[in-house]
> 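Pasting a structure here, questions to come.
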Protein chains: 2
Amino acid sequence: MAKKQTTIYDIATALGISAATVSRCFRSPELVNAATRQRVLETAEQMGYRPNGLARGLIGGTSSALGIMVPDIHNPSFADIIGGIEEAAYQNDFALLFGNAQENVAKEQRLFEVFLSYQVAGIILLSPRTPDLELQHWIGAGVPLVLVNRRLTLARCDVVTVDHVGLARMAVEHLAAVGRRSILYLAGPHGAQANQLRAEAARQAAAEHQVGLHVIDTEGLPVTVTSERLMQQLDFLPQFDAVLAYNDLMALGAMHALTAQGIAIPEQVSVCGFDNVSWGEFSTPPLTSMAQPLKRLGEEAFSALQRRMETPSEQPLEMVLPGWLVVRGSTRPDSTPRRPTAGERRSESLRP
Amino acid sequence: MAKKQTTIYDIATALGISAATVSRCFRSPELVNAATRQRVLETAEQMGYRPNGLARGLIGGTSSALGIMVPDIHNPSFADIIGGIEEAAYQNDFALLFGNAQENVAKEQRLFEVFLSYQVAGIILLSPRTPDLELQHWIGAGVPLVLVNRRLTLARCDVVTVDHVGLARMAVEHLAAVGRRSILYLAGPHGAQANQLRAEAARQAAAEHQVGLHVIDTEGLPVTVTSERLMQQLDFLPQFDAVLAYNDLMALGAMHALTAQGIAIPEQVSVCGFDNVSWGEFSTPPLTSMAQPLKRLGEEAFSALQRRMETPSEQPLEMVLPGWLVVRGSTRPDSTPRRPTAGERRSESLRP
DNA sequence: CTGAAAGCGCTTACAG
DNA sequence: CTGAAAGCGCTTACAG
């Protein structure tokens with residue numbers, strides 16, 4: 001910073017009063033004489049005073065910044081979740097320290113340390129890949145901490161998740177309902193708990209509905225390679241008639257691969273994804289997807305963190321938000337091209 | 001934070017030395033006796049010492065955090081740009097303060113203030129919507145500042161952009177080369193400089209190639225409405241044979257709308273977007289798009305900022321990165337479904 | 001309602 | 001190579 005900052009002392013000197021009074025005008029205005037306050041505020045404005053967040057944070061031992069960490073910034077769901085958190089945080093005067101772990105557990109650890117070294121008031125972890133055991137230690141560090149889309153077996157910690165189990169069941173039930181008998185599940189990252197939950201729930205639901213379920217591991221593979229592996233299954237498992245993909249991009253890749261093989265969607269194979277991304281409605285056929293209240297997930301995470309920061313001793317809460325099914329042409333027998341309905345476009349309004 | 005932090009004094013006391021020495025072990029290790037240093041480092045490790053970033057920043061007047069601002073977190077290009085910045089910043093031990101302006105100029109202003117109040121070492125603004133005049137003031141504030149995808153007419157400021165003019169020309173030339181005579185340009189946000197540059201460059205290129213160009217304003221409209229407006233043009237301008245969209249999502253929306261009207265792509269109408277998003281290759285037909293070196297844009301922005309932070313007096317630099325054309329089925333006459341080539345998949349490697 | 005003073009955790013000339 | 005001391009900008013009991 002080239003120019004020297006205006007401090008509370010500059011204002012105090014200019015007005016011939018004490019720095020303490022100036023400080024009070026900002027922190028506890030009710031303690032100071034209205035006229036004085038008025039003059040201070042005006043002078044501050046004139047002199048371009050801007051409170052030093054570092055000095056403030058140094059005192060309380062806590063800044064008014066929050067730490068936010070994502071496992072991989074490229075996952076399109078995170079934009080909405082982060083958007084929800086950011087908006088809520090901004091409105092409550094919190095700044096956001098941001099880190100992208102790049103699916104790297106060691107980096108998650110380092111980012112956490114960075115957050116702590118900045119004395120953040122709280123931390124929100126979006127589906128961290130760090131194993132439970134270590135996560136326990138983090139919770140022990142004493143920072144208000146909220147987990148999004150990741151549950152812990154042992155430790156007590158505020159958690160906000162989407163009902164992945166319910167979503168996966170719903171997906172399988174939908175596929176069964178449209179007459180599908182054998183589903184391929186294209187798995188997501190091993191480290192993603194949502195992946196495990198969905199796979200397991202899908203397996204159970206499939207068993208209950210007497211539908212076959214085969215899981216294809218795609219750990220670390222780009223979507224195009226995933227599609228190729230899917231194609232290999234065509235020889236191996238020629239009888240499958242539905243694909244359920246961990247996310248919409250993978251679903252789209254699968255549709256593309258299937259189409260290239262001359263397989264009709266949804267007549268021969270139905271395809272369903274997760275996340276209900278905005279461009280899903282524009283594919284051919286439009287993609288059926290399991291939608292999640294992403295923005296709200298972010299907002300609730302912030303609320304949970306706020307509660308925790310205010311009353312650290314309160315019981316940890318676990319909040320599970322319901323998702324919902326958005327049926328489009330990739331699973332709907334009658335898949336005539338049509339305008340998307342308002343409900344599909346603005347999925348927020350569909351939330352139960 | 002529930003537990004009290006270990007400070008430099010705790011270590012000093014434990015070892016019977018001064019805090020200054022402990023501090024030096026971290027900041028200027030070469031100044032301190034090797035044996036002492038060793039003991040300090042060990043003790044620090046044991047006691048779980050973590051330097052307080054706020055205290056450090058308070059001293060120099062500058063923290064080692066950077067401020068990053070985006071106009072709208074939902075734009076998929078930003079994930080790559082931010083990813084590039086984050087990675088570079090992380091490797092150079094900078095934390096990131098993040099803000100999403102939500103296309104709101106007032107919020108941009110407030111976020112900037114927040115960054116300053118945290119004494120950030122520098123700020124990167126991704127295509128800010130704030131008018132030139134005010135941006136000048138910001139530059140006057142003296143913080144190292146880098147603009148991404150936004151140029152300033154008057155002020156001198158480090159800038160990293162993609163060659164939007166060249167990209168738009170390239171797009172028009174490509175459309176002309178495949179025999180198109182009349183292009184509809186679906187415009188992006190008014191506040192986005194890239195939009196203005198592209199529209200103007202497209203206009204010029206169109207004139208040079210004797211191709212018609214008609215701009216459809218879509219300010220503030222969701223993609224679906226944009227598509228509807230596009231459809232209205234079908235009656236109004238039945239002769240257009242190409243659509244150039246501000247981004248891939250809009251291009252996709254256009255393709256969807258055209259297809260729904262029974263118009264063949266690319267035979268009757270060619271469609272081209274900007275950004276080359278990952279899912280563009282999966283549409284039907286796969287989407288031709290103007291690609292940008294997004295991650296590199298972020299990396300160069302960080303480098304520019306770093307240079308500015310180290311030598312504040314140096315001449316401002318303007319860096320223009322070239323983009324490139326990725327031809328796919330939506331503009332290629334022979335649009336038989338096919339596997340995407342390696343070059344299309346990993347567009348990074350295609351960069352000139 | 002206001003001021004003097006101590007302190008948050010760290011760094012850095014200044015002496016030794 | 002090491003320590004005592006001052007200071008970064010602000011807040012907050014403690015007196016008045």
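Letters A, B, ... are given to chains in the order of the sequence lines, protein chains preceding strands, and every chain is numbered from 1.
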> Roughly how many Å apart are D:dA5 and D:dC1, using the P atom of each and rounding to a whole number?
24 Å
> Without hydrogens or angle criteria, can the side chains of A:Gln119 and A:Thr62 be said to hold a donor-acceptor pair below 3.5 Å?
no
> Can you list the residues that meet the side-chain hydrogen bond (donor to acceptor under 3.5 Å, both in side chains) rule with B:Arg39, with sequence neighbours excluded?
none
> Salt bridge (charged side-chain N to carboxylate O under 4.0 Å, His left out): which pairs involve residues 79-89 of chain B, sequence neighbours left out?
A:Lys107-B:Glu86, B:Glu87-B:Lys295
> Need two values: the first and the last nucleotide of DNA chain D, 5' to 3', having an atom under 4.0 Å from any heavy-atom of chain A.
D:dG9 to D:dA13
> Show me the pairs that pass salt bridge (charged side-chain N to carboxylate O under 4.0 Å, His left out) and involve residues 138-147 of chain A, at least two apart or across chains.
none
> Take A:Ile59 and B:Ile59, find for each the nucleotide of DNA chain D with the closest heavy atom, and name the residue whose nucleotide sits nearer the 5' end.
B:Ile59
> Suppose we screen for side-chain hydrogen bond (donor to acceptor under 3.5 Å, both in side chains). Which residues come up paired with B:Glu134, at least two apart in sequence or across chains?
none
> For DNA chain D, what is the dot-bracket line, given that a base pair needs Watson-Crick (N1 to N3, plus N6-O4 or O6-N4) or G-U wobble (N1-O2 and O6-N3) geometry with both distances under 3.5 Å, and | means paired with another strand?
|||.||||||||.|||
> Enumerate the residues from residues 18-30 of chain A whose closest heavy atom to DNA chain D is under 4.0 Å, giving them by residue number; use none for an empty result.
A:Ala20, A:Ser23, A:Arg24, A:Arg27
> Indicate, with a heavy-atom threshold strictly under 4.0 Å, whether B:Ile17 touches base, sugar-phosphate, or nothing.
sugar-phosphate
> Checking A:Glu310 now: which residues fulfil side-chain hydrogen bond (donor to acceptor under 3.5 Å, both in side chains) with it, not counting sequence neighbours?
none
> Quick one: are A:Phe302 and A:Gln91 in side-chain contact, heavy atoms under 4.5 Å?
no
> Listing request: all salt bridge (charged side-chain N to carboxylate O under 4.0 Å, His left out) pairs with a residue in residues 311-320 of chain A, at least two apart in sequence or in separate chains.
A:Arg151-A:Glu318
> List for me each residue that meets side-chain hydrogen bond (donor to acceptor under 3.5 Å, both in side chains) alongside B:Glu45, sequence neighbours excluded, and say none if there are none.
none
> When the nearest nucleotide of DNA chain D is assigned to A:Arg56 and to B:Ala34 on a heavy-atom basis, which residue is associated with the more 5' position?
B:Ala34
> Suppose we screen for ring pair (Phe, Tyr, Trp, His ring centres under 6.0 Å). Which residues come up paired with A:Phe98, at least two apart in sequence or across chains?
B:Phe98
> Holding to side-chain contact (heavy atoms from CB on, under 4.5 Å), I want the full list of residues that pass it with A:Ser127, two or more places apart in sequence or in another chain.
A:Pro71, A:Phe78, A:Arg129, A:Asn149
> Between C:dG16 and C:dT12, how far is it from one C1' atom to the other, in whole Å?
16 Å
